[in-house]
Amino acid sequence: MAERRIGLIMNGVTGRMGMNQHLIRSIAAIRADGGVKLANGDTIMPDPVIVGRNRAKLEALAKAHGISRVSTDLDACLADPKDEVFFDAATTQMRAGLLTKAINAGKHIYCEKPTADTLADALAVAKLAKEKGIKNGVVQDKLFLPGLRKLKMVIDSGFLGRICSVKGEFGYWVFEGDLQPAQRPSWNYKKAEGGGIILDMLCHWRYVLDNLFGNVEAVSCLGAVHIPERIGEDGKPYKADADDAAYATFQLEGGAIAHINSSWVTRVRRDDLVTFQVDGTHGSAICGLHKCWTQSRVATPKPVWNPDQPQTIDFFAGWQEVPTTQDFPNGFRVQWEEFLKHVAGERPDYPWNLLAGAKGVQLAEAGLKSWAERRWIDLPKLEA
């Protein structure tokens, strides 16, 4: 048994998502637990260098989490042959350019989504990686959530029968910054900085819909800017011109219809920040981030519309929770481990790649076009 070092160049991990999910809960946690075990008994040990502009911030972060290497020189890191993987969780607008530079430097690629802010750029990066023989992966974290994994098991069991529809609700109230500080950075609400919930969330919904319910074939989307002015990190008001809500309907391969509301301007009265209800001919299921419930055809109540008396049926009581029968580690960590195995050669079939990422950008771009032109947009098949 041997330990194999894999050098990682981690760019953009001083931000909220990059720091919490990718550095602390994934790579630092993997290192603390002794690495990733391979089927042959060997161990992969990721060895990250964290890259950014603020050396003091990088050094403090590295010291807190047992990381020995930091750098403010990305070009020098890309030129170093001992680091074979480039990871990016920085801004969407710079991503395609950084990925292209890293691919040309011979680095394997793992990155957050969207992989670019246009489909043309996303496809160009995917094609370049294929041409260069570069292993590549894109974060598709929601596939590894306990709730969605339980839902996938329900679907695979045949419990639902033929799926008719999917209804998704995502979001919460992001404070404007006056009464309470905003819990999302201001760039999310600025077009010029790559903001907007359509570009952000439709990339997620593409891989969720494709992998669980059927490939997306067409979309009709209406966006909105419900809060036109917010308060920035500097305490000053700014114009919020990027969409903060999206109401989208999707036609799926096989005939199912999906509708997902995505909003940073909604107050939550449901089981979780995101829920999916799936209705099929033989049963239904509903899941959040961690839990999943089902209702079979024979257990479905028979309500009668009567507005003249209070509802007598407890509609929550007829659902059965899917039990938790296994441990569900952090979803970001699970996908990191799968990608590291892919780089090590243990998993040649890695489906969550740059082409899959480009499909997410395709759907987001189609959603924006649908909103602008007020019509359905078909999604042709993509190839890298």
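Rounding to the nearest 0.5 Å gives a distance of 7.5 Å between CD of Q251 and CD of E217. Interatomic distance, Y350 OH to H342 NE2, rounded to the nearest 0.5 Å: 7.5 Å. Considering CD of E338 and CG of L340, their distance stands at 9.5 Å, rounded to 0.5 Å. Rounding to the nearest 0.5 Å gives a distance of 5.0 Å between CZ of R206 and CD of Q362. For the atom pair CG (L160) and NE2 (H282), the distance works out to 10.0 Å, reported to the nearest 0.5 Å.
S370 places a side-chain N or O within 3.5 Å of a backbone atom of R375 that can act as its donor or acceptor partner. Between the side chain of T281 and the backbone N or O of G161 there is no donor-acceptor pair closer than 3.5 Å. Although no hydrogens or angles enter the test, the distance criterion places a donor-acceptor pair under 3.5 Å between the side chain of D314 and the main chain of F316. The closest donor-acceptor contact from the side chain of H259 to the backbone of A248 lies under 3.5 Å. Distance alone, capped at 3.5 Å, is enough to place a donor-acceptor pair between the Q335 side chain and the Q140 backbone. Between the D42 side chain and the L38 main chain, no donor and acceptor come within less than 3.5 Å of each other.
Closest approach of V225 and P228 over heavy atoms only: CG1-CA, 4.2 Å. Here the closest non-hydrogen pair linking V219 and L379 is CG1-CD1, 3.9 Å. For the residue pair I313 and P301, the shortest heavy atom distance occurs at CG2-CB, 4.2 Å. Taking both residues in full, the closest heavy atoms of F315 and P303 are given as CZ-CB, 4.0 Å, listed atom of the first, atom of the second, then distance. Of all the heavy atoms in L151 and A285, the pair that sits closest is CD1-CB, 3.7 Å. Residues A256 and I163 approach most closely at CB-O, 3.7 Å, considering heavy atoms.
A distance below 6.0 Å separates the ring centres of F87 and H22. Taking the six-membered ring where the residue is Trp, the centroids of F339 and W352 are separated by 6.0 Å or more. Taking the six-membered ring for Trp and the full ring otherwise, the centers of F86 and H108 sit at least 6.0 Å from each other.
When hydrophobic clusters are built by joining Ile, Leu, Val, Met, Phe, Trp and Tyr residues whose side-chain heavy atoms come closer than 4.5 Å, directly or via intermediates, M201 is not grouped with I227.
The stretch residues 184-196 participates, sequence neighbours left out, in these side-chain hydrogen bond (donor to acceptor under 3.5 Å, both in side chains) pairs: Y172-R184, R184-N188, R184-D200, S186-E233.
Between D83 and R69, at least one side-chain N (NZ, or NE/NH1/NH2) sits under 4.0 Å from a carboxylate O, which counts as a salt bridge. Residues R333 and E337 are paired through a salt bridge, judged by an N-O separation under 4.0 Å between the basic side chain and the carboxylate. R5 has a carboxylate O that lies under 4.0 Å from a charged side-chain N of D47, or vice versa, which qualifies the two as a salt bridge. Using a 4.0 Å cut-off between charged side-chain N and carboxylate O, K239 and D241 make no salt bridge. Using a 4.0 Å cut-off between a side-chain N of Lys or Arg and a carboxylate O of Asp or Glu, K113 and D141 qualify as a salt bridge. With respect to D178 and R230, no salt bridge is recorded, no charged nitrogen being found less than 4.0 Å from a carboxylate O. Salt-bridge formation is not detected for the pair E346/K135: no Lys NZ or Arg NE/NH1/NH2 atom is positioned less than 4.0 Å from an Asp or Glu carboxylate oxygen.
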For this session: Test side-chain hydrogen bond (donor to acceptor under 3.5 Å, both in side chains) on D279 and Q277 and set out the steps.
Result: CA-CA 7 Å; D279 293 311; Q277 179 167 333; 3.2 Å; yes
For this session: Walk me through it: do N261 and E169 pass the test side-chain hydrogen bond (donor to acceptor under 3.5 Å, both in side chains)?
Result: CA-CA 5 Å; N261 295 322; E169 289 285 346; 2.8 Å; yes
Exercise. Can you check side-chain contact (heavy atoms from CB on, under 4.5 Å) on L8 and I50, steps first, answer last?
Worked result: CA-CA 8 Å; L8 310 178; I50 57 175; over 6 Å; no
Problem set entry | Residue pair W336, Y110: steps toward the ring-ring contact (aromatic ring centres under 6.0 Å, His included) verdict | CA-CA 9 Å; W336 260 110; Y110 189 59; 4.5 Å; yes
Exercise. Can you check side-chain hydrogen bond (donor to acceptor under 3.5 Å, both in side chains) on T324 and K150, steps first, answer last?
Worked result: CA-CA 8 Å; T324 300; K150 292 174 183 177; 2.7 Å; yes
Problem set entry | side-chain contact (heavy atoms from CB on, under 4.5 Å) assessment of E112 paired with R95 | CA-CA 9 Å; E112 267 291 353; R95 183 158 298 135; 3.9 Å; yes
Exercise. So N136 and N353, side-chain hydrogen bond (donor to acceptor under 3.5 Å, both in side chains) or not? Walk me through it.
Worked result: CA-CA 5 Å; N136 55 91; N353 53 24; 4.8 Å; no
Exercise. What's the verdict on side-chain contact (heavy atoms from CB on, under 4.5 Å) for R149 and M153, showing C-alpha distance, side-chain angles and the deciding distance?
Worked result: CA-CA 6 Å; R149 290 178 67 181; M153 181 178 67; over 6 Å; no
Problem set entry | Trace of the side-chain contact (heavy atoms from CB on, under 4.5 Å) decision for V70 with V49 | CA-CA 5 Å; V70 303; V49 52; 5.5 Å; no
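Looking at heavy atoms from C-beta onward, T294 lies in side-chain contact with F159 at the 4.5 angstrom threshold.
Ring orientation note: the planes of F276 and W205 are nearly perpendicular, at an angle over 60° on the 30°/60° scale.
Listed by chain and number, the residues in a side chain to side chain donor-acceptor pair (under 3.5 Å) with T43 are K37 (sequence neighbours excluded).
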